[in-house]
4 protein chains.
Amino acid sequence: MPKVIDDVEKRIQEAGIKVFSVRGYVDTDMKTIAKEAGIAVGTLYNYYPSKKELFFNILEISWEETFFQLDKIANSQKPLDKKIDLFVDILYKEINKRQGLGFELIRFNNTDPQIKTELDKINQRFEKLILVLIQEADSEEAEHKLLSEEAKLSKLVVLSLLVLNSDCEKEQKKDKEFLAAFVKRILYLD
Amino acid sequence: MPKVIDDVEKRIQEAGIKVFSVRGYVDTDMKTIAKEAGIAVGTLYNYYPSKKELFFNILEISWEETFFQLDKIANSQKPLDKKIDLFVDILYKEINKRQGLGFELIRFNNTDPQIKTELDKINQRFEKLILVLIQEADSEEAEHKLLSEEAKLSKLVVLSLLVLNSDCEKEQKKDKEFLAAFVKRILYLD
Amino acid sequence: MPKVIDDVEKRIQEAGIKVFSVRGYVDTDMKTIAKEAGIAVGTLYNYYPSKKELFFNILEISWEETFFQLDKIANSQKPLDKKIDLFVDILYKEINKRQGLGFELIRFNNTDPQIKTELDKINQRFEKLILVLIQEADSEEAEHKLLSEEAKLSKLVVLSLLVLNSDCEKEQKKDKEFLAAFVKRILYLD
Amino acid sequence: MPKVIDDVEKRIQEAGIKVFSVRGYVDTDMKTIAKEAGIAVGTLYNYYPSKKELFFNILEISWEETFFQLDKIANSQKPLDKKIDLFVDILYKEINKRQGLGFELIRFNNTDPQIKTELDKINQRFEKLILVLIQEADSEEAEHKLLSEEAKLSKLVVLSLLVLNSDCEKEQKKDKEFLAAFVKRILYLD
DNA sequence: TATGAATGAGCCTTCATTCAT
DNA sequence: AATGAATGAAGGCTCATTCAT
């Protein structure tokens with residue numbers, strides 16, 4: 001009794017993002033994802049060879065969406081100050097949507113060698129973005145020595161967002177203000 | 001550092017720190033801890049009702065040790081600048097020793113409501129420490145508005161350490177310099 | 001050797017022989033056979049109702065080929081001694097080509113009642129062949145009492161070939177000599 | 001609710017022999033063995049790390065028992081003729097008890113490299129036994145050339161027993177007579 | 001008729017937890 | 001209080017089979 005299903009891959013991805021986001025990697029099982037996607041477990045394995053591979057793909061897709069939005073802002077003609085505000089805004093919202101996904105990213109980094117590659121991709125995208133900001137900052141006030149190690153900086157920014165996100169929902173506005181100020185502080189813009 | 005009276009309890013804790021640190025929560029099983037502690041699995045359950053409870057206790061103990069050292073520095077008469085360097089030094093070393101413990105802290109925060117309490121304790125201790133630094137900074141240069149939300153700040157510092165730690169081993173010295181500069185930057189000390 | 005009319009059916013059979021021979025029944029899956037045959041899995045089921053049925057058919061086909069060759073020799077005018085040598089030669093080669101097929105034959109015999117029929121067909125063909133040899137032997141030297149239970153004898157011969165085949169590749173020549181001597185011994189021809 | 005069970009290992013082995021014998025390796029699942037042994041599945045894994053390991057052990061145990069009996073006969077003072085009769089008798093009975101076990105032995109030989117070792121052990125034991133018979137035969141009538149390749153011979157004898165066993169139950173007496181004659185024939189004792 | 005994605009029962013294995021000793 | 005064997009639910013994954021196109 002095989003059904004005919006439209007956009008299976010997309011449905012898997014959406015189900016994956018949803019479930020992994022809420023429960024994290026370990027507490028998510030394939031049956032749950034399948035049910036959420038409205039398909040059979042076996043079907044999952046027609047698209048991804050393993051739970052891990054599925055997760056990594058979900059992770060990538062998820063960040064892809066975010067980067068798409070961030071890139072648009074980075075390439076816009078808005079003033080740096082405004083860009084940072086928007087950056088924080090988007091990152092905050094996106095990361096908030098997929099809590100578990102972000103954390104697993106950190107967790108895996110500690111246990112699974114394969115994820116290093118996955119992480120590197122994401123980090124590199126991020127570094128580029130931060131670099132743009134930093135270069136814009138430099139042209140205005142050119143002197144950040146140690147802190148200019150962009151790779152580390154970019155990680156910290158993401159992490160900061162992850163952590164603040166895990167707190168209560170009510171203070172979102174405050175959180176964002178704080179983060180924007182934080183980033184500007186780091187970039188010597190205040 | 002509260003003296004652990006019972007010999008068995010202490011052995012469990014030490015074994016727990018050791019194993020959880022290396023493997024993280026999920027990849028650690030009770031048998032391994034028992035073996036490491038030189039006792040039987042059943043005995044574990046005479047002291048802790050569940051794996052989770054055991055883990056939370058381990059987590060607390062583990063930070064306890066770190067805070068003991070940090071407090072000493074905070075209360076010392078060293079100049080603020082020096083204090084920060086030592087802080088970063090100790091935190092870096094301690095966190096490095098217990099990778100898995102730190103990451104799980106983040107992971108759990110997302111899935112388990114019970115850990116919030118555990119985390120709060122740790123965070124509160126941290127906030128106090130950061131507060132001390134900030135107050136010292138203020139007395140020297142009194143003007144950090146938004147950033148003064150200590151709670152958030154303290155989290156960011158810990159997180160920063162976690163993340164940088166997960167990278168390669170070789171750059172430890174550089175990492176620490178970066179972090180110290182980072183903290184000072186945030187505290188308007190540069 | 002019955003001509004296979006349909007192209008698809010033949011391709012399935014050839015693929016089946018190839019794959020089952022190498023991997024045996026359990027380790028072969030329908031997808032692999034389909035791929036090897038260059039058709040879709042579904043098509044397999046248009047020709048055979050189940051994997052087992054497919055296997056049994058493959059088995060039959062496979063022996064069919066062998067018997068075709070053996071019959072030719074049995075019906076030839078060569079001396080008995082020469083016939084036996086050729087028999088062993090062909091059987092050895094054929095069985096060697098389809099390891100997995102032979103073993104499964106034994107395996108199934110133990111678990112599946114349906115295969116009995118399949119086996120019986122093969123055995124009967126074999127008995128006839130052995131009978132021919134024995135009768136020729138008898139006319140020369142007429143006295144094998146107990147051993148003349150052809151049915152059993154024929155099985156033993158095939159089995160012997162199966163077993164010796166599973167050994168190393170290097171000793172093929174020796175093996176064949178041994179087997180020929182073995183058969184002659186049994187038939188009181190030495 | 002862990003029960004206290006006596007002789008778990010023995011019960012596992014007996015259950016294993018029973019189930020594997022009837023169903024063979026592939027068609028046997030761990031749950032069935034556990035149920036047959038009256039224990040939980042997990043308990044199985046307290047004694048054997050995997051299904052395969054369990055099977056190999058069962059195999060070994062099973063033959064051990066048989067060899068114990070065969071050795072006794074080989075070392076007795078009975079006449080060669082009588083020994084052979086007893087050999088066949090015991091082998092026939094033992095192999096009959098554990099159909100599937102024997103066949104899997106052949107099957108695995110074809111697919112799993114690890115079993116080669118297992119098989120070698122059994123074969124070597126067998127060769128020794130056959131050697132004893134052959135040497136006794138030789139001292140009486142010393143001339144078997146090609147057939148004296150004991151290794152191959154011993155395999156054929158076991159195989160012969162396996163195959164004849166798989167037939168109907170009614171002819172047991174006849175089968176045994178046939179086999180004894182067969183062995184004697186091979187050993188030039190008739 | 002051919003296709004191949006969908007199905008889901010079922011397998012091996014793990015491991016936190018229990019409890020008779 | 002300590003032991004560690006027993007437990008069994010649960011998870012990842014496979015694959016013969018079906019059926020809408």
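Note that this is a predicted model, so its numbers are computed, not measured.
- A:Thr32 contributes atom OG1, which lies 4.5 Å from atom CZ of A:Arg23 (distance to the nearest 0.5 angstrom).
- Under the side-chain hydrogen bond (donor to acceptor under 3.5 Å, both in side chains) criterion, C:Glu53 pairs with C:Gln114, not counting sequence neighbours.
- Not counting sequence neighbours, the partners of D:Glu60 by the salt bridge (Lys or Arg N to Asp or Glu O under 4.0 Å) test are D:Lys121.
- Nearer to the 5' terminus of DNA chain F, by closest-nucleotide assignment, is the contact made by B:Ile39 (compared with the other of D:Ile5 and B:Ile39).
- Rounded to whole angstrom, the span from the CG atom of C:Leu54 across to the C1' atom of F:dT17 amounts to 13 Å.
- Every residue meeting the side-chain hydrogen bond (donor to acceptor under 3.5 Å, both in side chains) condition with B:Lys18, not counting sequence neighbours, appears here in chain and number order: B:Glu36.
- Interface residues of residues 29-36 of chain D facing DNA chain E, ordered by number: D:Asp29, D:Met30; criterion, heavy-atom separation under 4.0 Å.
- Position along DNA chain F of the nearest nucleotide to B:Val41 versus D:Gly42 favours B:Val41 as the more 5'-ward residue.
- Summarising the geometry, the separation between CG on D:Asp7 and P on F:dA5 is reported as 15 Å, rounded to the nearest angstrom.
- Scanning for salt bridge (Lys or Arg N to Asp or Glu O under 4.0 Å) contacts around D:Lys10 gives an empty result, with sequence neighbours left out.
- Note on C:Thr43: a side-chain N or O is less than 4.0 Å away from OP1 or OP2 of E:dT3.
- In this structure, the side-chain contact (heavy atoms from CB on, under 4.5 Å) partners of A:Ser62, at least two apart in sequence or on a different chain, are A:Ile17, A:Arg98, A:Leu101.
- A straight line from CZ of A:Phe55 to P of F:dG11 spans 17 Å, rounded to a whole angstrom.
- Taking atom OH of residue A:Tyr25 and atom C1' of nucleotide F:dG11, one finds them 11 Å apart after rounding to whole Å.
- Here F:dG12 presents its C1' atom at 12 Å from CZ of A:Phe20, a figure rounded to the nearest Å.
- Qualifying side-chain hydrogen bond (donor to acceptor under 3.5 Å, both in side chains) partners for A:Lys31, counting only residues two or more places apart in sequence or in other chains: none.
- With sequence neighbours excluded, no residue forms a side-chain hydrogen bond (donor to acceptor under 3.5 Å, both in side chains) with B:Lys35.
- Straight-line distance from the CG atom of C:Asp27 to the C1' atom of F:dT14: 12 Å, rounded to whole Å.
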Could you give the side-chain donor-acceptor pairs of residues 37-48 of chain A under 3.5 Å, partners two or more places apart or in another chain?
from    : atom 1 : to      : atom 2 : distance (Å)
A:Tyr48 : OH     : A:Gln13 : NE2    : 3.3
A:Tyr48 : OH     : A:Asn57 : OD1    : 3.0

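- Ring orientation note: the planes of D:Phe20 and D:Tyr25 are close to parallel, at an angle under 30° on the 30°/60° scale.
- Within residues 44-51 of chain A, the residues approached by DNA chain F to less than 4.0 Å at the level of any non-hydrogen atom are A:Tyr45, A:Ser50, A:Lys51, in residue-number order.
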Secondary structure of DNA chain F in dot-bracket form (Watson-Crick or G-U wobble, distances below 3.5 Å, | marking inter-strand pairs):
.||||||||||||||||||||

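- For B:Glu14, the salt bridge (Lys or Arg N to Asp or Glu O under 4.0 Å) criterion is met by no residue, not counting sequence neighbours.
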